[in-house]
Colleague: 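Questions regarding the structure given below will be posed in turn.
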Amino acid sequence: QVQLIESGGGLVQAGGSLRLSCTASGRTFSSYAMGWFRQAPGKEREFVATIAWSGGNTRYANSVKGRFTISRDNVKNTVYLQMNRLKPEDTAVYYCAANRMTSTIAREYDYWGQGTQVTVSS
């Protein structure tokens with residue numbers, strides 16, 4: 001079992017930055033690929049970024065490429081999402097998730113956090 005807890009969400013103006021953190025329980029964190037997804041009101045959950053267990057392989061949604069950076073610290077059992085140049089359309093609940101392999105597909109992830117709200121004002 002892996003339990004995930006996100007933090008770092010909040011309200012920010014367009015053009016600003018936030019860094020989300022997701023801390024995992026359990027000693028097997030380093031064996032999991034991690035992903036970030038988001039869900040806006042009335043919309044389906046969408047892929048944002050994923051990172052392999054080693055941190056050496058990352059993928060991003062086109063909508064965030066060049067603005068967001070995913071990283072991880074396996075000593076701290078934490079994955080991060082640095083979000084720069086935020087836009088109002090980035091407003092959503094952001095979730096981290098754990099999976100055995102990197103994937104852009106939400107249903108392939110085994111474990112999910114409770115989510116953290118990010119609101120970007122114009």
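Note that the coordinates shown come from a computational prediction; the quantities given were computed from them, not determined experimentally.
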Colleague: Where do Tyr109 and Thr50 land on the side chain to side chain donor-acceptor pair (under 3.5 Å) test, with the steps shown first?
Modeller: CA-CA 11 Å; Tyr109 282 76; Thr50 184; 3.1 Å; yes
Colleague: Minimum heavy-atom separation for Arg72 to Ala33, with atom names?
Modeller: NH1-CA, 4.0 Å
Colleague: Is the CD atom of Gln117 crowded by more than 12 outside heavy atoms at less than 6.0 Å?
Modeller: yes
Colleague: Among residues at least two apart in sequence or on other chains, which ones pass side chain to side chain donor-acceptor pair (under 3.5 Å) with Arg67?
Modeller: Asp90
Colleague: Hey, is CG on Leu11 packed in by over 12 heavy atoms from elsewhere, all under 6.0 Å?
Modeller: yes
Colleague: At their closest point, which heavy atom of Ser122 faces which heavy atom of Pro88, and how far apart are they?
Modeller: CB-CG, 3.8 Å
Colleague: Evaluate Thr91 against Val118 for side-chain contact (heavy atoms from CB on, under 4.5 Å), listing each step before the verdict.
Modeller: CA-CA 5 Å; Thr91 295; Val118 171; 5.9 Å; no
Colleague: Roughly how far, to the nearest 0.5 Å, is OG of Ser30 from CG of Asn77?
Modeller: 7.5 Å
Colleague: Where the side chain of Thr116 meets the backbone of Gly9, is there a donor-acceptor pair that is under 3.5 Å apart?
Modeller: yes
Colleague: Please report the shortest heavy-atom distance between Tyr32 and Ala98, naming the atom on each side.
Modeller: CD2-CB, 3.9 Å
Colleague: About how many Å separate OG1 of Thr69 and CZ of Arg19, when rounded to the nearest 0.5 Å?
Modeller: 11.5 Å
Colleague: Is there a side-chain contact between Ser63 and Glu89, using heavy atoms and a 4.5 Å cut-off?
Modeller: no
Colleague: Can you list the steps and then say if Val120 with Gln13 is a side-chain contact (heavy atoms from CB on, under 4.5 Å)?
Modeller: CA-CA 5 Å; Val120 184; Gln13 288 188 332; over 6 Å; no
Colleague: Do Trp36 and Val79 come within less than 4.5 Å of each other through their side chains, counting heavy atoms only?
Modeller: yes
Colleague: Tell me, do Met83 and Ser17 make a side-chain contact under 4.5 Å, heavy atoms counted?
Modeller: no
Colleague: If you take all heavy atoms of Ala92 and Ala40, which pair is closest and at what distance?
Modeller: CB-N, 3.8 Å
Colleague: Are the side chains of Phe29 and Thr23 in contact, using a 4.5 Å heavy-atom criterion?
Modeller: no
Colleague: Within a strict 4.5 Å, meaning less than it, do heavy atoms of the Tyr80 and Asp73 side chains meet?
Modeller: yes
Colleague: Please report the shortest heavy-atom distance between Leu18 and Leu86, naming the atom on each side.
Modeller: N-CD1, 3.9 Å
Colleague: With Phe47, which residues qualify under ring-ring contact (aromatic ring centres under 6.0 Å, His included), at least two apart?
Modeller: Phe37
Colleague: Would you please say whether a donor-acceptor pair under 3.5 Å links the side chains of Arg100 and Ser31?
Modeller: yes
Colleague: Taking the cut-offs as 6.0 angstrom to the six-membered ring centre and 45 degrees off its axis, would you call Arg38 and Tyr94 a cation-pi pair?
Modeller: no
Colleague: Measure across Cys22 and Leu4 and return the closest heavy-atom pair with its distance rounded to 0.1 Å.
Modeller: SG-CB, 3.8 Å
Colleague: Do Tyr111 and Ile51 share a hydrophobic cluster (ILVMFWY, side-chain heavy atoms under 4.5 Å, transitive)?
Modeller: yes
Colleague: Any non-hydrogen side-chain atom of Val2 less than 4.5 Å from a side-chain atom of Thr28?
Modeller: yes
Colleague: Does Leu81 belong to the same Ile/Leu/Val/Met/Phe/Trp/Tyr cluster as Val12, with side-chain heavy atoms less than 4.5 Å apart forming each link?
Modeller: yes
Colleague: Would you say the side-chain atoms of Arg59 and Asn57 include a donor-acceptor pair closer than 3.5 Å?
Modeller: no
Colleague: Are side-chain heavy atoms of Met101 and Trp53 found at a separation under 4.5 Å?
Modeller: no
Colleague: Side chains of Ser21 and Glu6, heavy atoms from C-beta outward: is any pair under 4.5 Å?
Modeller: no
Colleague: Hydrophobic cluster membership, with links at side-chain heavy-atom distances under 4.5 Å among I/L/V/M/F/W/Y: are Val48 and Val93 in one?
Modeller: no
Colleague: Gln39: what forms a side-chain contact (heavy atoms from CB on, under 4.5 Å) with it, not counting sequence neighbours?
Modeller: Arg45, Tyr95
